[in-house]
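Here the structure comes first, spelled out in structure tokens, and everything after it is commentary.
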Amino acid sequence: MQIRVVDAAANAGPQVPAHLQRIFIPQLTLSSICTHKFVKGKVIQKCPLVDLDKDNYILKTVIQEHKPQHDVPPGLTDINVIFFGKLAKEFLETVQQEDVVVLTGFTIGRSPTAIKDGLHSCYLQLAGGEAHVYVFPGSTPTPGLTTSTSTNSTGTTVSTSENPKPKYTYTPLKDLKPGMIVNIYGVVTFFKQPFRTKGTDYCSTLKITDESSVKIGCSVFSEKVEEHPKVFKNGDIIRLHRVKVQFFNGSVNVVTSLGFSVLTFDGSVGTPIVPCTSSRNFHFSEQDKQTVERLRQWATNQALLAAPSTVQLAHVQPSMYFDLTCQLLAKAKMDGSCTLLKVWDGTRCAHPLLNVFVKPEALEGSVNVASGTDLVANVLVYDNHVEVAQELKPGTFLRIYNLHAILQTTSTTPSHLCFHLHGGTSYGRGLRVLPKDSLDLQQLHRTLELVTTSCEEALDDPVDIWSTPPESLNALLDEKETAAVRTCDHTLEQVPLSNVKSCTPPRLFHVRAQVRSFQPRRLYQALKLRCPHCRALFDIPDDEALASVFQKAIRGVRFGSLSWAATGFLDSSETGRKIAIHLPNWDKEELIFLEGATLEEVCCISKNLSNIVPVRSCGESMVPMDLSVPFLFQGKKRHYGCRDCSSVRHLEDFTCEEDEWNAKPISEVLGIQPLQYALLMKMELEDESGSLETLLWDDAEKFFQVTAADVAVSQELQNKIQWTMNRLCPPGSTIAERPWLELCIAVYTVEEGGRSTVCYQVLNTESTGPHVTPAQE
DNA sequence: GCTTAGGATTGG
């Protein structure tokens with residue numbers, strides 16, 4: 001049985017295994033480690049059982065954190081739990097609403113309904129043999145789970161003293177007298193992370209207070225950084241054993257003495273009281289718990305924590321000093337006294353952020369997870385902090401204390417925010433790694449989860465059984481400002497551009513990058529003519545060149561007489577010059593051969609007639625005029641032929657078998673290999689790992705969602721391409737301001753003249769944005 | 001061997 005009912009009154013019967021550690025629902029994040037963990041909560045909702053087929057059931061329930069603290073919103077305490085298989089049915093039959101349950105062997109997923117139902121951003125999934133449920137019927141008290149053991153952050157299980165007689169006595173801070181060696185408790189009001197002294201040790205400087213409001217300075221000395229108090233923020237509670245009281249500069253302070261020990265606790269009322277230490281052996285009693293509770297409550301009432309020093313990137317202002325809670329994405333050593341940290345907290349700064357560019361090979365880690373460099377803060381860490389910074393691994397969660405936001409303005413670039421952690425320890429300057437499960441990281445985890453939500457992940461969620469479409473996810477995706485998305489269904493992992501560059505072709509990759517530059521800048525030059533037969537590529541002749549060819553042809557015109565066509569003459573705009581119109585069909589004007597007209601005249605006539613073929617006569621026969629000009633005009637459309645692949649025929653006869661003329665039969669009759677319109681652009685892409693020259697060619701039409709042939713005749717579509725490129729690479733913008741593109745890239749080789757070149761092409765990708773054509777610019 | 005620091009910014 002995977003479900004066991006625990007009889008709380010009896011000491012026999014099933015028990016929750018002692019090796020399991022409780023994880024509190026408010027602390028759960030997508031990245032929480034669930035092995036050997038349990039969640040305890042009250043069943044507050046049971047949905048109807050979904051019966052898929054034999055022994056295959058799904059049951060959705062909502063569990064509320066057991067004995068939640070006040071003021072914790074349901075978004076933290078109430079979590080969706082989905083049971084699968086037999087367990088679902090068993091749970092339905094065994095567990096009643098209001099029962100308290102302990103769940104183990106679960107996995108965590110992102111709740112697709114979090115925004116809609118306002119519950120926890122994660123959900124728990126219980127499936128398979130690993131999953132177990134312990135039920136405490138009704139809301140009976142459940143001894144054996146909450147008080148007999150507690151665990152610290154290092155996983156050490158600590159026995160709780162049942163003996164009420166206190167082993168240690170703690171001296172109130174007001175009673176400290178120089179010369180005493182005492183144990184003390186206090187609330188931290190100022191702290192510095194451990195720093196190297198001129199002596200042999202590291203020193204932590206703190207100021208603490210207690211109910212007497214006396215403020216006492218503390219100096220903790222130890223050669224080992226890990227033996228120093230782990231203080232994360234003002235308001236944290238500290239317990240010091242064996243400190244020596246001194247008198248200095250008119251006030252009392254304490255210094256650690258031989259055999260000292262230190263514990264710290266989160267100072268927030270209502271959070272679990274978990275002693276924080278690297279020590280494997282320490283004493284911790286119910287009395288300690290009460291002291292921490294008391295000090296927490298007192299500090300809260302004193303409003304000691306009134307002004308939180310941590311500021312999100314979104315609220316950072318130039319020149320500000322602040323504490324930043326963030327995740328390290330990448331780092332690079334700049335020089336001996338400076339290390340660059342690229343960090344993010346998932347929020348977007350209101351000011352443009354400086355991107356300190358470093359060579360990809362010098363960068364450890366990647367900023368590719370961040371959906372836009374405008375989410376990535378570049379932090380320059382100086383002098384004494386370099387030692388700590390160098391030890392950091394990308395992915396680590398950090399708090400940076402007394403970070404300085406500096407507006408960098410040069411004459412050429414607009415101002416950008418850069419962040420400096422200056423040398424020294426003034427104002428508590430420093431860095432500290434935050435444990436992954438730190439309560440201080442809840443907000444950050446949530447923000448990062450929202451920012452990194454991708455379409456594919458959304459599909460992985462068990463949306464079907466939730467009966468709620470993940471609208472919220474779509475909404476989030478809209479906000480991501482991805483200016484191009486892949487349309488392929490390859491499940492390739494996204495890689496840095498440097499990987500693409502270093503691979504052996506042929507390969508296919510998914511990348512996320514920005515457009516550094518593109519060519520041609522004059523977008524009409526992106527429109528090309530391509531021969532599907534010989535693959536030759538031609539520029540589209542401009543009207544001036546075309547006009548000159550027509551002009552030349554007029555000069556040598558000698559109208560012939562054709563037995564197979566009716567020939568008429570029009571007066572041209574010039575005195576005496578005639579234009580010949582040959583109609584192969586008496587009664588149809590769908591196809592006419594035109595001779596002796598200027599380009600302007602051809603265009604004018606083609607406005608009203610469907611198919612115009614410019615020709616020149618050779619006695620009784622007729623040939624297309626010249627392959628450097630269109631062989632066919634259809635209204636605004638111009639059709640060109642390939643100079644190399646066409647074998648132009650002299651028309652000596654013309655029988656009309658076609659009911660309707662269009663370019664294909666006309667080109668066949670004339671012996672012309674028609675050219676196709678195509679779009680060709682070069683885009684230089686860039687990400688943190690470097691840059692890459694790519695072509696937009698085979699799938700260029702897909703990218704812009706146009707056909708090249710339509711672009712050739714539509715000012716509106718030309719504007720659309722212009723608009724798209726302006727969006728990808730706004731004129732005058734810095735790279736940080738440009739949107740990100742999610743691209744599918746093919747790497748291949750092209751053999752030319754005995755040499756092979758590696759090429760990169762963007763495939764299967766569409767630019768995003770309004771699909772209606774924007775107003776003409 | 002028994003000190004070190006003893007809060008307090010403008011700077012790459």
Side-chain angles (χ1 to χ4, degrees), chain A residues 173 176 178-179 181 186-209 214-225 227-229 231 233-236 238 240 242-260 262 304 307 309 311 316-324 331-341 354 356-358 377-387 389 400-410 415-432:
Chain A
L173 298 181
L176 299 182
I181 292 197
V187 181
V188 176
T189 62
F190 172 80
F191 62 100
K192 284 183 178 184
Q193 300 301 339
F195 57 94
R196 223 184 250 289
T197 65
K198 287 178 189 155
T200 56
D201 295 337
Y202 285 92
C203 174
S204 295
T205 304
L206 303 114
K207 192 140 274 182
I208 61 170
T209 185
V214 172
K215 282 195 178 175
I216 296 287
C218 303
S219 294
V220 174
F221 291 103
S222 173
E223 275 186 317
K224 294 176 182 161
V225 179
E227 282 179 3
H228 281 256
V231 180
K233 57 178 184 292
N234 286 339
D236 283 353
I238 188 166
L240 285 153
R242 287 173 290 273
V243 289
K244 191 167 69 189
V245 185
Q246 295 179 331
F247 196 72
F248 177 80
N249 258 357
S251 54
V252 168
N253 62 53
V254 299
V255 179
T256 51
S257 69
L258 209 60
F260 84 95
V262 58
L304 282 178
S309 53
V311 175
V316 170
Q317 296 300 326
S319 304
M320 201 183 215
Y321 285 91
F322 66 105
D323 296 347
L324 179 67
K331 63 169 194 182
K333 186 175 173 175
M334 305 300 280
D335 58 53
S337 67
C338 181
T339 291
L340 170 71
L341 302 180
L354 186 77
V356 179
F357 188 79
V358 290
N378 285 253
V379 177
L380 292 166
V381 169
Y382 289 99
D383 306 336
N384 54 315
H385 309 298
V386 166
E387 184 188 331
I400 307 176
Y401 299 92
N402 197 234
L403 191 56
H404 192 185
I406 295 173
L407 202 54
Q408 297 210 334
T409 314
T410 64
S415 52
H416 285 78
L417 268 190
C418 184
F419 300 90
H420 289 209
L421 183 65
H422 297 298
T425 61
S426 311
Y427 283 89
R429 260 178 220 160
L431 295 156
R432 181 173 272 287

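So that the names make sense, note that chain A is the first sequence line, chain B the second, and so on, each numbered from 1.
Judged by distance alone, with hydrogens and angles left aside, the side-chain atoms of D236(A) form no donor-acceptor pair with the main-chain N or O of V231(A) at under 3.5 Å. In this structure, S222(A) contributes its side chain and H228(A) its backbone to no donor-acceptor pair below 3.5 Å. Between the side chain of H385(A) and the backbone N or O of G424(A), at least one donor-acceptor pair lies under 3.5 Å.
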In sequence, state the C-alpha distance, the side-chain angles, and the governing distance for S337(A) and D335(A), and then conclude on side-chain hydrogen bond (donor to acceptor under 3.5 Å, both in side chains).
CA-CA 6 Å; S337(A) 67; D335(A) 58 53; 3.2 Å; yes

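At whole-Å resolution of the value, CD in E223(A) and P in dG1(B) are 14 Å apart. Here the C1' atom of nucleotide dG7(B) and the CD1 atom of I208(A) are 15 Å apart, to the nearest Å. For the pair L421(A) CG and dT10(B) C1', the computed distance is 14 Å after rounding to whole Å. Rounded to whole Å, the distance from CD on Q193(A) to C1' on dG7(B) is 14 Å. What separates NZ of K224(A) from C1' of dT4(B) is a distance of 18 Å, to the nearest Å. Distance CD (E227(A)) to P (dT4(B)): 20 Å, rounded to an integer number of Å. Atom C1' of nucleotide dA5(B) and atom CZ of F191(A) are separated by 18 Å, given to the nearest angstrom. Remark: P of dT10(B) and CD of Q408(A) are 18 Å apart, rounded to the nearest angstrom.
Contact check, K192(A) against dA8(B): a side-chain N or O comes under 4.0 Å of OP1 or OP2.
Closest approach to the D383(A) side chain among dA5(B), dG12(B), dT3(B) is made by dG12(B) (side chain taken as heavy atoms from C-beta onward). Looking at the side chain of F190(A), the nearest of the listed nucleotides dG11(B), dG7(B), dT4(B) is dG7(B). Among dG6(B), dG11(B), dG12(B), the nucleotide with an atom closest to any side-chain atom of N253(A) is dG6(B). Of the candidates dA5(B), dT3(B), dG12(B), the closest approach to any side-chain atom of T200(A) belongs to dT3(B).
When heavy atoms are screened at a 4.0 angstrom cut-off, D201(A) is found touching base atoms of the nucleic acid. Within 4.0 Å of R196(A), counting heavy atoms only, lies no atom of the nucleic acid at all. Contacts of S426(A) with the nucleic acid, taken as non-hydrogen atoms under 4.0 Å apart, involve only primed sugar atoms and P, OP1 or OP2. Among the protein residues, C338(A) comes within range of no part of the nucleic acid, since none of its heavy atoms lies under 4.0 Å from any strand. Among the heavy atoms of the strands lying under 4.0 Å from G423(A) is at least one base atom, whether or not backbone atoms are also near. Counting non-hydrogen atoms under 4.0 angstrom, F195(A) reaches the backbone sugars and phosphates but no base.
Each of Q193(A), R196(A), E223(A), E227(A) was evaluated against Y202(A); a single residue qualifies, R196(A), per the side-chain contact (heavy atoms from CB on, under 4.5 Å) test.
Nearest-nucleotide positions on DNA chain B for T205(A) and L258(A) put L258(A) closer to the 5' end.
One N or O donor and one acceptor, one from the side chain of Y321(A) and one from the base of dG11(B), sit under 3.5 Å apart.
Atoms CZ and CZ, on F260(A) and F221(A) in that order, are 10.5 Å from each other to the nearest 0.5 Å.
Here the separation of dG11(B) from dG7(B), taken at their P atoms, is 23 Å to the nearest Å. Comparing dG6(B) with dT10(B), their P atoms are spaced 16 Å from each other, to the whole Å.
The ring of Y382(A) does not lie on top of the base of dG11(B); it is either too far (5.5 Å or more) or too tilted (30° or more). Put simply, F221(A) does not rest on the base of dT3(B): the two rings are not both less than 5.5 Å apart at their centres and under 30° in tilt.
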